[in-house]
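Please read the structure below before turning to the comments.
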Amino acid sequence: MKNPHLFLIAVVLTVFACNSGAPSESAPAEQPKKASQPRTKISEIEAGIKAHIEAKSQENDGFFLVQDKDKRLRMKLVRVHTEYLSNLGPKRHFACVDLADDSGDVYDVDFFLSGEPGNMDVTETTIHKLNGKPFYAWKQKEDKTWERRPVEGASRELLGVIEGKDKFEFHYLVVLPKLASSANMWIPIATSDEFQKITVKSLKTTGTQEMFEDKANGNTILHLALEPQHSGDTVKIIYTAERVEKGPFVDNEPDLQRYLTPNELIPVGGRFLKIAQEAIGAKHSDNKLVQARALYDYIIDNMRYMKHGNYGHGDAVYACDTRTGNCSEFHSFFISLARSVGIPARFAIGASIPSDRDDGGIDGYHCWAEFYAEGKWWPVDISEGNKYTALATYYFGRHPANRIELSRGRDLQVEPLPASGPINFLAYPLLEIGGEPTRAETVFTFKRIISPETKDKKLVALQ
């Protein structure tokens with residue numbers, strides 16, 4: 001194991017890393033492949049890295065050992081980032097996985113493998129991120145190869161931000177599991193607003209389809225009534241999205257009071273009021289914008305981005321208790337604090353589009369918040385500000401162009417109402433089989449639509 005800060009790659013043709021964009025399976029090879037050299041399937045790379053981790057874990061009392069400087073980490077597999085598995089050339093492959101250590105810290109670890117399917121060896125292992133914070137970034141050179149760069153001084157584009165505008169196709173794919181009885185599924189449908197122009201390029205569904213409006217939050221939602229014969233069917237939506245960078249904006253919202261009241265998992269008052277008052281401190285007599293920044297900084301300073309434990313529900317109490325979570329916990333905690341001191345705040349969810357590559361997989365949903373002060377709504381992205389210290393100021397009042405919003409609000413009242421009650425939030429579909437919530441495999445992918453102007457800007461940014 002080499003130090004992640006000093007590790008150098010001698011020969012990498014098209015390597016990216018976790019959340020920095022591994023080459024997609026459809027990416028063109030730099031040299032034509034001979035017909036006698038079939039391309040290794042992504043599923044075979046996944047099987048190879050899982051087999052390696054399992055074998056090494058069996059040798060070490062069930063733990064996968066990773067050396068980090070002078071510390072040996074005892075790790076458990078959390079997941080393989082299937083969207084970043086990639087071929088680097090004949091018999092050379094790249095994989096990225098999440099591993100959690102004894103303390104609950106989650107590491108993104110990059111693996112470089114060689115060999116044939118079923119007989120792969122790991123040649124290099126490096127730690128890319130700790131609890132979402134990267135140790136390095138990637139930069140594409142003029143010859144289209146990639147090299148590792150320090151995070152310090154990296155451009156915003158290398159850290160996930162496209163300013164100005166972006167245009168892309170967004171693919172939303174759902175694969176239904178086995179349906180033992182009648183089922184219902186609710187899927188958000190992205191809509192246009194001042195910051196994104198959405199066109200539904202194609203919509204493939206199954207079962208009985210109904211589209212309706214969630215007028216309280218401005219959402220459009222697709223409802224599907226399903227039967228056992230629809231088991232294994234797919235639902236696929238392809239959008240064309242033109243998105244512009246979002247800054248503070250005026251919105252003629254008629255009822256700000258609704259953004260001061262609690263949601264099921266976003267309480268108001270009590271200890272949240274006490275924490276907010278302590279975070280604001282001497283700024284209690286300042287305006288709401290200053291106070292909101294104090295709350296934003298408090299969460300950045302006191303929470304860790306960690307996909308471990310019972311995360312991902314947007315539970316402000318869980319966030320307050322553990323000071324950990326993903327984007328949903330970060331922003332739910334912020335909303336609870338803001339509402340508790342009279343700052344209207346609201347929730348939205350969608351996906352971040354990778355900035356350093358132009359197609360491939362997306363690492364799940366992403367969510368954010370907005371608060372109201374000085375006559376405007378101010379966008380914030382606290383979990384990203386927590387990951388990238390250099391962007392903490394940017395993400396207070398800005399959302400980049402490379403994202404898509406799928407829905408807004410919490411505790412969504414939909415038709416028909418799910419047996420489980422109002423929907424907590426809606427990015428992945430909500431599927432109920434016989435009235436019981438059930439997971440449906442969901443995959444997000446994208447393809448950037450590149451104009452000559454955009455291409456020129458990307459080349460300048462990467463030089």
Can you spot which of Phe396, Trp368, Phe334 makes a side chain to side chain contact (heavy atoms under 4.5 Å, CB included) with Ile382? Phe334
Distance flag, aromatic centroids of Tyr428 and Phe444, threshold under 6.0 Å: yes
Donor-acceptor pair, side chain of Asn402 and main chain of Ile162, under 3.5 angstrom: yes
Under 3.5 Å, is there a donor-acceptor pair between the side chain of Gln196 and the main chain of Thr191? yes
Residues, nucleotides or ligands: over 12 heavy atoms within 6.0 Å of Lys288 NZ: yes
Phe249-Phe195 aromatic ring centre distance below 6.0 Å: yes
If only atom types and distance count, is the side chain of Thr261 paired as donor or acceptor with the main-chain N or O of Arg258 below 3.5 Å? yes
Is it the case that the ring center of Tyr259 lies less than 6.0 angstrom away from the ring center of Trp377? yes
Expected output: side-chain His171 to main-chain Ile237 donor-acceptor under 3.5 Å: no
Checking the side chain of Arg346 only, and the main-chain atoms of Arg408 only, is there a donor and an acceptor separated by less than 3.5 Å? no
Heavy-atom nearest pair, Tyr239 first then Pro188, reads OH-O, 3.7 Å
Over 12 foreign heavy atoms within 6.0 Å of CZ, Arg72: no
Taking Asp101 first and then Lys71, would you say they form a salt bridge - that is, a charged N and a carboxylate O separated by under 4.0 Å? no
Taking every non-hydrogen atom, the tightest pair across Asp411 and Glu264: OD2-N, 2.8 Å
State which residue, out of Leu222, Asn219, Ile221, fulfils the side chain to side chain contact (heavy atoms under 4.5 Å, CB included) condition with Ile189. Leu222
Would you say the ring centers of Tyr311 and Phe330 fall short of 6.0 Å from each other? no
Does the ring centre of Phe94 sit less than 6.0 Å away from the ring centre of Phe111? no
Of all the heavy-atom pairs spanning Ala319 and Met303, show the shortest one and how long it is. CB-CE, 3.9 Å
